[in-house]
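The model shown is predicted, which means the values in this text are computed figures rather than measured ones. Chain letters run A, B, ... following the sequence lines, proteins first, then strands; residues in each count from 1.
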2 protein chains.
Amino acid sequence: MSTVQDRTFTIGELAREFDITPRAIRHYEDQGLLEPERRGQHRIYSRRDRVRLMLTLRGKRIGLTLQEIRELFELYDTANDDESQLFEFIKLLSRRESQLRQQQEDINAVLKEVGSLRVQCERLLEKRTGGIPE
Amino acid sequence: MSTVQDRTFTIGELAREFDITPRAIRHYEDQGLLEPERRGQHRIYSRRDRVRLMLTLRGKRIGLTLQEIRELFELYDTANDDESQLFEFIKLLSRRESQLRQQQEDINAVLKEVGSLRVQCERLLEKRTGGIPE
DNA sequence: AGCATTGTTGACGTTTACGTAAACGTGATA
DNA sequence: TATCACGTTTACGTAAACGTCAACAATGCT
């Protein structure tokens with residue numbers, strides 16, 4: 001009988017779920033992002049591992065390196081114990097926050113352009129397809 | 001007398017302005033993103049080049065590769081001439097748009113976490129600094 | 001004239017994030 | 001029992017985006 005949900009996952013399951021290769025998952029482990037247990041020599045991934053994998057992928061999508069992601073994990077794990085680490089953590093978060101806001105601006109600018117360009121394109125196409133007289 | 005503003009820039013000026021190295025700028029040229037003129041063997045950058053450089057850097061910030069940025073430039077330049085290219089352009093824009101929206105979500109999620117973590121940290125610090133008697 | 005500054009062209013080096021291939025183990029199944 | 005399907009380690013390969021010399025102009029002080 002177990003209180004916590006103890007469903008586990010194989011490397012292939014996770015790979016399929018997140019549409020990445022097993023190789024990538026092993027690579028994340030090499031970089032210290034995951035620490036699956038072993039049943040014999042096979043890796044067994046817990047829910048916690050799965051969450052970390054999700055966070056890893058999200059981190060990647062917003063442009064973090066694997067090392068930075070690892071540092072975040074480490075800080076998150078240890079910050080509560082050490083006061084000076086807390087300051088570091090806050091500083092890191094601040095820096096990252098401004099970067100993210102910059103990215104937001106960039107993305108909004110591009111989305112705007114993308115939108116108007118699309119409209120232009122579509123108008124052009126309308127004109128041509130409609131404009132060819134028989 | 002010239003109608004169009006014809007201010008030009010040296011590689012060093014642009015490097016300083018955008019806080020990158022001349023090497024990087026030359027690299028962008030190698031990749032077909034810039035086409036500065038030459039005065040003798042020195043590069044002379046026009047306003048158009050400067051704009052392209054800005055767009056390049058913005059593209060990078062939102063995670064485009066230099067090649068993708070070049071393709072966008074090319075499409076942007078030629079799309080008006082070719083109808084089939086227009087479709088390609090629109091498809092490319094659509095794909096990128098959904099990626100950008102995904103990124104927006106990711107960033108929002110992270111910002112949210114960052115915010116609450118910061119609050120947690122600050123509370124902890126308050127408690128400790130305030131909690132030490134004398 | 002001499003030296004600093006700024007620029008130029010190679011060309012090899014580096015980091016990140018995996019891909020890919022070899023060579024092998026293991027349990028399920030036809 | 002043979003053959004998948006899935007997993008493992010080890011190790012070299014690769015693409016992107018520059019960094020980092022080296023070796024050499026051209027220009028501008030002083």
Side-chain angles (χ1 to χ4, degrees), chain A residues 7-46 49-50 52-74 96 99 102-103 106, chain B residues 7-46 49-50 52-74 96 99 102-103 106:
Chain A
R7 172 143 165 43
T8 61
F9 310 85
T10 71
I11 197 167
E13 285 170 351
L14 292 183
R16 252 163 290 150
E17 176 175 0
F18 295 106
D19 196 32
I20 55 183
T21 66
R23 170 71 178 104
I25 298 182
R26 292 191 202 101
H27 182 61
Y28 300 152
E29 181 179 343
D30 289 344
Q31 302 307 307
L33 294 172
L34 303 172
E35 295 176 317
E37 289 173 26
R38 299 294 183 118
R39 177 114 59 227
Q41 84 170 354
H42 285 44
R43 291 169 174 80
I44 300 293
Y45 296 86
S46 66
D49 290 318
R50 207 184 77 118
R52 290 222 156 186
L53 181 52
M54 289 179 44
L55 292 176
T56 297
L57 297 177
R58 182 153 77 194
K60 274 175 54 75
R61 284 196 300 267
I62 65 172
L64 298 180
T65 68
L66 297 183
Q67 213 200 141
E68 289 174 314
I69 297 170
R70 205 198 61 194
E71 287 169 14
L72 281 175
F73 285 167
E74 285 172 3
R96 188 54 69 187
Q99 275 189 41
Q102 169 69 51
Q103 256 189 302
D106 289 331
Chain B
R7 170 137 166 51
T8 60
F9 310 85
T10 70
I11 197 169
E13 285 170 352
L14 291 183
R16 253 162 289 152
E17 177 175 0
F18 295 107
D19 196 30
I20 56 184
T21 66
R23 171 70 178 103
I25 299 182
R26 292 191 201 102
H27 182 61
Y28 300 153
E29 182 178 343
D30 288 344
Q31 302 306 306
L33 295 172
L34 303 172
E35 295 176 316
E37 291 174 21
R38 296 298 182 115
R39 177 116 59 226
Q41 81 170 355
H42 284 47
R43 291 168 172 82
I44 300 292
Y45 296 86
S46 66
D49 290 318
R50 208 184 77 117
R52 289 223 157 184
L53 181 52
M54 286 179 45
L55 292 176
T56 298
L57 296 178
R58 180 152 78 195
K60 275 175 54 73
R61 283 196 300 268
I62 65 173
L64 299 179
T65 68
L66 296 184
Q67 212 200 147
E68 288 173 313
I69 296 170
R70 205 198 61 193
E71 286 169 15
L72 281 176
F73 284 167
E74 285 172 3
R96 188 54 65 185
Q99 276 190 39
Q102 169 68 50
Q103 256 190 300
D106 289 330

Student: Rounded to whole angstroms, how far apart are CZ on A:Arg23 and C1' on D:dC6?
Tutor: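 A:Arg23 atom CZ is separated from D:dC6 atom C1' by 17 Å.
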Student: Applying a 4.0 Å non-hydrogen cut-off, can you work out what A:Arg26 is touching in the nucleic acid: base, sugar-phosphate, or nothing?
Tutor: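 Since a base atom lies under 4.0 Å of A:Arg26, the category is base.
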Student: On the nucleotide C:dT15, are OP1 or OP2 found under 4.0 Å from the side-chain N or O atoms that A:Thr65 carries?
Tutor: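 The answer is no; no side-chain N or O of A:Thr65 sits under 4.0 Å from OP1 or OP2.
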Student: For the pair made of CD in A:Glu37 and P in D:dG7, what is the distance, rounded to whole Å?
Tutor: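 To the nearest whole Å, that distance equals 17 Å.
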Student: Please check the phosphate of C:dT8 (OP1 and OP2 only) for any side-chain N or O of B:Arg43 closer than 4.0 Å.
Tutor: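 True: B:Arg43 side-chain N/O within range (under 4.0 Å) of C:dT8 OP1/OP2.
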Student: Mind checking the NE2-CG spacing from A:His27 to A:Asp30? Nearest 0.5 Å is all I need.
Tutor: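 A:His27 atom NE2 to A:Asp30 atom CG measures 7.0 Å (nearest 0.5 Å).
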Student: Measuring only between side-chain heavy atoms, which start at C-beta, is A:Leu53 closer than 4.5 Å to A:Tyr45?
Tutor: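 Heavy-atom side-chain distance check fails, nothing below 4.5 Å.
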Student: Are A:Asp49 and A:Phe9 close enough that some pair of their side-chain heavy atoms sits under 4.5 Å apart?
Tutor: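 No. Closest side-chain heavy atoms not under 4.5 Å.
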Student: Just the rounded figure in Å: distance from C1' of D:dC18 to CZ of B:Phe18.
Tutor: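 Those two atoms, CZ and C1', are 18 Å apart.
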Student: Output yes when at least one side-chain N/O atom of A:Lys60 is less than 4.0 Å from OP1 or OP2 of C:dT16, else no.
Tutor: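 No, A:Lys60 has no side-chain N/O under 4.0 Å of OP1/OP2 on C:dT16.
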Student: What is the nucleic acid contact for A:Gln67, judged by heavy atoms within less than 4.0 Å: base, sugar-phosphate only, or nothing?
Tutor: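 Since only primed, P, OP1 and OP2 atoms lie under 4.0 Å of A:Gln67, the category is sugar-phosphate.
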Student: Tell me: CD of B:Glu29 to P of D:dC18, nearest whole Å?
Tutor: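 The answer, rounded to whole Å, is 14 Å.
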Student: Quick one: label B:His42 by what it contacts on the DNA or RNA (base, sugar-phosphate, nothing), any heavy atom closer than 4.0 Å.
Tutor: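 Here B:His42 touches the backbone only, sparing every base.
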Student: In whole Å, I'd like the distance from the CD1 atom of B:Ile44 to the P atom of D:dT27.
Tutor: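 My rounded result for the distance is 12 Å.
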Student: Quickly work out the B:Asp30 CG to C:dA11 P distance and round it to whole Å.
Tutor: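 Taking CG of B:Asp30 and P of C:dA11, I get 13 Å after rounding.
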Student: What nucleotide among D:dT8, D:dA16, C:dA17 has an atom nearest to a side-chain atom of A:Gln41?
Tutor: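 Comparing D:dT8, D:dA16, C:dA17 against the side chain of A:Gln41, the answer is D:dT8.
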Student: Under a 4.5 Å cut-off applied to non-hydrogen side-chain atoms, are A:Leu66 and A:Lys60 in contact?
Tutor: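 Yes, at least one pair of side-chain atoms sits under 4.5 Å.
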Student: Heavy atoms from C-beta onward define the side chain here; which of D:dA17, C:dC18, C:dT8 lies closest to that of B:Ile11?
Tutor: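 Out of D:dA17, C:dC18, C:dT8, the nucleotide with an atom closest to B:Ile11's side chain is C:dT8.
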Student: Taking only the side-chain nitrogens and oxygens of B:Thr10, find out if one of them lies under 4.0 Å from OP1 or OP2 of C:dG7.
Tutor: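 For C:dG7, OP1/OP2 do have a side-chain N/O of B:Thr10 under 4.0 Å.
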Student: Within the structure shown, what part of the strands sits under 4.0 Å from B:Arg39 by heavy-atom distance: base, sugar-phosphate, or nothing?
Tutor: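 If one applies the 4.0 Å heavy-atom cut-off, B:Arg39 turns out to touch nothing in the nucleic acid.
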Student: Under 4.5 Å between any side-chain heavy atoms of A:Glu29 and A:Arg43, yes or no?
Tutor: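 The answer is yes, as the side chains (C-beta and beyond) meet within the 4.5 Å cut-off.
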Student: Between B:His27 (NE2) and C:dG7 (C1'), how many Å, whole number?
Tutor: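 To the nearest whole Å, that distance equals 19 Å.
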Student: Please confirm whether the shortest side-chain N or O distance from B:Tyr28 to OP1 or OP2 of D:dA17 is below 4.0 Å.
Tutor: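 Result: no.
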Student: Rounding to an integer number of Å, can you tell me how far A:Arg70 CZ sits from C:dA17 P?
Tutor: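 So the CZ-P distance, A:Arg70 to C:dA17, works out to 12 Å.
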